[in-house]
S.K.: 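This is the structure, below, for whatever I ask next.
All residue numbers refer to positions in the sequence shown, counting from 1. Because only heavy atoms are used, hydrogens play no part in the values below, and waters and symmetry mates are left out as well, while side chains stay in.
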Amino acid sequence: MQEPKKLRRRLLTLCLLFMVCLTVFIVTMFDAQIVHGEEYRAQSVRTNTTVETVEASRGVITDRNGKVLVANRAVYTLTFDPSLVEADALNDELLRLIALLRREGVTWYDELPLTDAAPYAFDFSVPRSGMLVKYLASKKWVEEGMTSDEMREGMSPATIFNLLCGEFGVDETLSATQKRALVGLRYSLATAKLDGDGTFRFASGVDVPLIALLKDGGYAGVRAGTSSVREYQTDAAPHILGHIGKIQNWDDYKDKEGYRWNDLVGIDGVEASFEDYLRGTDGKRVVTTNIEGKVIDELYSVEPKPGYNVALTLDVDFQQQVEQIISSAAQTMTAADGIDRGAAAAVVQVGTGDTLALATYPTFSRKTFNQDFATLNADPMHPMLNRATQWAFAPGSTFKPAVAVAALESGVITPATKIRDLGVYKFYDLNLKCWIWPGNHGLVNVTNAITVSCNYFFYEVGRLTGIATLEKYARAFGLGEPTGIEIPESVGTMTSPEYVNSLKGQHWTDGFTLQAAIGQAYDLFTPLQLANYIATLAGGGERYKAHLLKDVSAYDSAVPVYVYNEPPVNTVEIGDENLRAVLAGMRKLVTDGSVSNQFKRCIVDAAAKTGTAQTGGKGSISNGVFVAFAPYDDPQIAVAVVIEKGDTGGALASTAVDILNAYFTAADPDIVGENVLVK
């Protein structure tokens with residue numbers, strides 16, 4: 001009878017124990033999933049599973065023949081995630097990190113736009129320096145919407161630094177160097193968070209031994225990753241290629257899909273112009289780690305897609321030759337008189353607008369640009385200025401063929417019209433001397449006037465044609481107009497009453513027309529504009545955009561996704577007889593004129609025009625200007641060369657011949673010219 005009672009008691013006890021266990025389990029699960037669910041879930045994701053952005057490779061840049069100019073190289077990067085560090089230990093961990101980086105000689109990114117040492121000064125050359133005002137406004141230290149200039153008027157660098165020290169709880173006992181480094185990193189982390197990113201990439205291109213030291217030393221918050229950097233395969237065309245860097249103004253990119261505030265983008269050159277093609281689409285990777293931080297699983301949720309490859313119209317071998325040719329010419333002149341001078345050359349394909357070469361002297365190397373930046377920036381010769389596209393100057397007599405076309409097409413003169421050069425042109429109470437004065441050129445027609453560059457003839461023709469018609473034709477040839485080139489350029493100016501009257505202290509008089517007709521007054525054009533104008537003239541009047549883009553192709557296909565093939569911008573209507581008269585004058589210059597001796601060694605028949613651009617001032621040396629095209633009977637390329645203080649355009653004839661020979665030797669090695677020894 002007692003056995004059943006004992007059994008019931010045991011069952012009851014077991015049930016009670018089961019109920020207790022079940023209750024504990026339910027309470028524990030409720031606490032874990034309901035009460036602290038979000039907290040534990042966030043902690044689990046943070047420590048065990050992370051979603052990482054996988055950077056897509058940037059597209060490769062090649063020349064017109066497929067030679068790689070800019071590629072990519074994989075590097076290790078270091079990122080700091082403050083969420084992995086206790087708030088009260090953040091400064092200590094960053095100081096440990098700074099000490100290690102200094103000991104190992106590693107440079108880190110610091111986006112605080114203040115100089116490195118006291119007394120502090122603003123340094124707005126720092127990437128994303130515009131974030132300073134935004135951050136100060138977020139702390140209510142300055143008004144929202146204030147500009148950098150307004151901020152500088154109201155707050156000194158020292159005041160800002162002291163505010164940041166207080167905000168970040170910087171220990172007053174630290175050295176000044178430690179304070180500045182710590183504040184720089186804390187500020188960089190804070191601005192990253194302000195832009196919606198909880199991490200900050202503070203170093204790139206680090207080596208494996210440093211990563212090992214970081215892991216062995218237990219540096220909290222530091223993550224190692226991989227990225228790519230641009231690798232320049234050539235020292236040629238640095239002004240054209242440009243470089244990449246961190247986004248400088250987030251407002252320009254925040255509305256564009258796929259960009260993050262700390263992304264690398266094209267800053268200048270074709271890297272910036274073709275950003276949309278070159279930039280790839282980043283991927284996403286889910287990484288799972290164990291409790292020791294070792295990766296145990298990873299998978300792509302979105303595969304990265306590399307950017308498109310961009311082929312330029314440049315011929316890099318020819319580009320290098322042109323750079324060497326103008327460098328040698330400028331240096332030879334400097335060696336003779338001790339005067340430093342810059343130079344530029346542009347070569348454009350007739351009938352397409354393809355830009356084959358854009359050379360500037362002095363120049364620099366993209367490979368060492370970052371290390372050399374301070375020196376380059378301080379150089380009075382401005383080697384970072386692209387003189388071929390951004391340097392506008394008086395064209396001198398190279399403008400005369402355009403004036404001749406304007407006069408012929410408007411009916412002011414015919415190819416047979418002759419004007420007698422009297423040595424001094426007297427009109428508008430002016431006494432303007434022809435360059436040959438006290439001599440004169442006698443009776444000349446338009447062809448001979450171009451050959452001998454008779455100022456008297458073009459004074460008279462310019463007066464009769466009028467400034468409105470001269471301006472109309474100049475702009476039709478693209479002078480004083482954008483060329484269409486994809487990198488920054490100066491538009492220059494064409495002399496006009498409106499322009500002159502807009503200048504302080506100037507008032508239009510008819511005398512400006514006479515000066516404009518010989519390429520002076522306020523005629524200011526770039527070497528690229530001149531080359532494209534000559535290409536238009538040699539091509540019978542069809543003006544194409546000067547451009548650098550040849551085609552675009554996917555990284556895994558040789559078939560282009562885009563090929564540049566735009567029609568002419570406009571056509572300058574030139575009658576056949578008028579065109580022959582103008583081009584004949586340019587041809588006679590190289591066969592019978594002042595530069596015939598230099599052109600004896602040119603391996604193709606060419607035509608050219610000299611220019612001497614006055615720079616003003618007593619005793620000043622004029623700029624030398626020279627334009628040419630070749631072959632004469634089947635024009636393929638047009639060339640413009642300018643050398644500062646080159647004196648006369650004729651002095652540049654040998655330089656132009658060297659450029660023409662370089663191009664046509666490469667195009668057809670069997671071509672040889674007069675008086676050229678054949679081996």
Side-chain angles (χ1 to χ4, degrees), residues 57-63 67-78 101-102 104-111 115-116 123-129 201-207 210 227-248 264-275 278 310 312 314 316-317 319-328 330-331 334 340 342-344 357-390 487-488 548:
S57 296
R58 196 168 175 84
V60 171
I61 301 174
T62 72
D63 80 342
K67 291 188 177 181
V68 176
L69 307 179
V70 187
N72 302 301
R73 176 169 53 87
V75 295
Y76 289 108
T77 62
L78 296 176
L101 297 176
R102 281 210 170 104
E104 297 300 315
V106 176
T107 302
W108 64 91
Y109 302 136
D110 180 338
E111 297 187 342
T115 51
D116 290 338
D123 179 8
F124 286 98
S125 66
V126 174
R128 288 176 26 91
S129 57
R201 180 184 294 176
F202 64 90
S204 181
V206 299
D207 55 24
L210 176 64
S227 182
S228 62
V229 295
R230 294 303 251 176
E231 188 166 68
Y232 297 92
Q233 308 284 346
T234 178
D235 279 323
H239 303 86
I240 299 170
L241 297 179
H243 72 291
I244 64 172
K246 285 193 174 184
I247 291 174
Q248 296 177 323
L264 298 176
V265 297
I267 299 299
D268 59 2
V270 296
E271 287 278 22
S273 301
F274 304 139
E275 168 72 17
L278 293 167
V310 171
L312 304 180
L314 294 180
V316 69
D317 294 331
Q319 170 77 23
Q320 288 175 320
Q321 289 178 298
V322 175
E323 289 180 5
Q324 292 167 357
I325 289 167
I326 65 167
S327 170
S328 176
Q331 290 180 27
T334 297
D340 290 328
L358 285 175
T360 290
Y361 174 82
T363 186
F364 62 96
S365 172
R366 278 290 170 196
K367 296 177 181 177
T368 58
F369 175 70
N370 291 334
Q371 302 94 298
D372 300 341
F373 179 79
T375 302
L376 294 170
N377 196 43
D379 192 327
M381 288 298 293
H382 307 294
M384 292 188 291
L385 172 67
N386 187 350
R387 285 170 160 82
T389 64
Q390 295 176 293
I487 57 178
L548 288 164

S.K.: With heavy-atom distances below 4.5 Å as the criterion, would you say the side chains of Leu264 and Val229 are in contact?
M.R.: no
S.K.: In sequence, state the C-alpha distance, the side-chain angles, and the governing distance for Ile61 and Phe274, and then conclude on side-chain contact (heavy atoms from CB on, under 4.5 Å).
M.R.: CA-CA 10 Å; Ile61 301 174; Phe274 304 139; over 6 Å; no
S.K.: What distance separates Leu548 CG from Asp63 CG, expressed to the nearest 0.5 Å?
M.R.: 12.0 Å
S.K.: Please determine whether side-chain hydrogen bond (donor to acceptor under 3.5 Å, both in side chains) holds for the pair Asp123 and Thr115, giving the CA-CA distance in whole Å, both sets of side-chain angles, and the decisive distance to 0.1 Å.
M.R.: CA-CA 6 Å; Asp123 179 8; Thr115 51; over 6 Å; no
S.K.: Do the non-hydrogen side-chain atoms of Val70 and Gln233 ever get within less than 4.5 Å of each other?
M.R.: no
S.K.: Nearest heavy-atom pair of Ala236 and Val316: which atoms, and what distance?
M.R.: CB-CG2, 4.2 Å
S.K.: Return the CD1 to CG distance between Ile240 and Leu358, rounded to the nearest 0.5 Å.
M.R.: 4.5 Å
S.K.: Going by heavy atoms in the side chains, are Trp108 and Leu78 under 4.5 Å from each other?
M.R.: no
S.K.: Answer yes or no: is there a donor N or O on one side and an acceptor on the other, between the side chain of Thr360 and the main chain of Arg387, under 3.5 Å?
M.R.: yes
S.K.: Between Asp372 and Thr375 (side chain of the first, backbone of the second, donor and acceptor by atom type, cut-off under 3.5 Å), is there such a pair?
M.R.: no
S.K.: How far does CD of Glu104 sit from CG of Leu210, to the nearest 0.5 angstrom?
M.R.: 6.0 Å
S.K.: Would you call Val310 and Leu278 a side-chain contact if the rule is heavy atoms closer than 4.5 Å?
M.R.: yes
S.K.: Heavy-atom count check: over 12 atoms from other residues, nucleotides or ligands less than 6.0 Å from Tyr76 OH?
M.R.: no
S.K.: Under 3.5 Å, is there a donor-acceptor pair between the side chain of Ser328 and the main chain of Gln324?
M.R.: no
S.K.: Does any N or O in the side chain of Thr62 come within less than 3.5 Å of the main-chain N or O of Val68, such that one atom is a donor and the other an acceptor?
M.R.: no
S.K.: Output the distance between atom CZ (Arg230) and atom CG (Leu241), rounded to the nearest 0.5 Å.
M.R.: 9.5 Å
S.K.: Under 3.5 Å, is there a donor-acceptor pair linking the side chains of Asp235 and Ser365?
M.R.: yes
S.K.: In this structure, are over 12 heavy atoms from other groups packed under 6.0 Å from Lys246 atom NZ?
M.R.: yes
S.K.: Begin with the C-alpha distance, continue with both residues' side-chain angles, and end with the deciding distance and a verdict on ring pair (Phe, Tyr, Trp, His ring centres under 6.0 Å) for His243 and Tyr232.
M.R.: CA-CA 10 Å; His243 72 291; Tyr232 297 92; 8.5 Å; no
S.K.: Grab the two heavy atoms, one from Gly266 and one from Ala272, that are nearest each other, plus how far apart they are.
M.R.: O-CB, 3.6 Å
S.K.: Does the side chain of Met384 reach to within under 4.5 Å of the side chain of Leu376, using non-hydrogen atoms?
M.R.: yes
S.K.: Before accepting this row, confirm whether a basic side-chain N of the pair Glu275/Arg58 lies closer than 4.0 Å to the acidic partner's carboxylate O.
M.R.: yes
S.K.: What heavy-atom pair brings Asn72 and Ser228 nearest, and what distance separates the two atoms?
M.R.: CB-CB, 4.2 Å
S.K.: Is Ile267 close to Gln248 at the side-chain level, that is, under 4.5 Å between some pair of heavy atoms?
M.R.: yes
S.K.: Which pair of heavy atoms, one from Gly342 and one from Pro362, lies closest together, and at what distance?
M.R.: CA-CD, 4.3 Å
S.K.: Looking at Pro383, is its backbone amide N or carbonyl O close enough to the side chain of His239 to form a donor-acceptor pair, meaning the two atoms are under 3.5 Å apart?
M.R.: yes
S.K.: Where do Glu323 and Gln319 land on the side-chain hydrogen bond (donor to acceptor under 3.5 Å, both in side chains) test, with the steps shown first?
M.R.: CA-CA 6 Å; Glu323 289 180 5; Gln319 170 77 23; 2.8 Å; yes
S.K.: If we only count heavy atoms from C-beta on, is the Ile244 to Val265 side-chain gap below 4.5 Å?
M.R.: no
S.K.: Indicate the atoms forming the closest heavy-atom contact of Phe124 with Ser129, along with that distance.
M.R.: O-OG, 3.2 Å
S.K.: I need the single residue from Val270, Val60, Thr234 that forms a side chain to side chain contact (heavy atoms under 4.5 Å, CB included) with Leu69. Which is it?
M.R.: Thr234
S.K.: With side chains defined as the heavy atoms from C-beta onward, is the minimum distance between Gln331 and Tyr361 less than 4.5 Å?
M.R.: yes
S.K.: For Asp340 and Thr334: C-alpha separation, side-chain torsions, deciding distance, then whether side-chain hydrogen bond (donor to acceptor under 3.5 Å, both in side chains) applies.
M.R.: CA-CA 6 Å; Asp340 290 328; Thr334 297; 4.7 Å; no
S.K.: So, for Thr77 and Ser204, which heavy atoms are closest and what is the spacing to 0.1 Å?
M.R.: CG2-OG, 3.7 Å
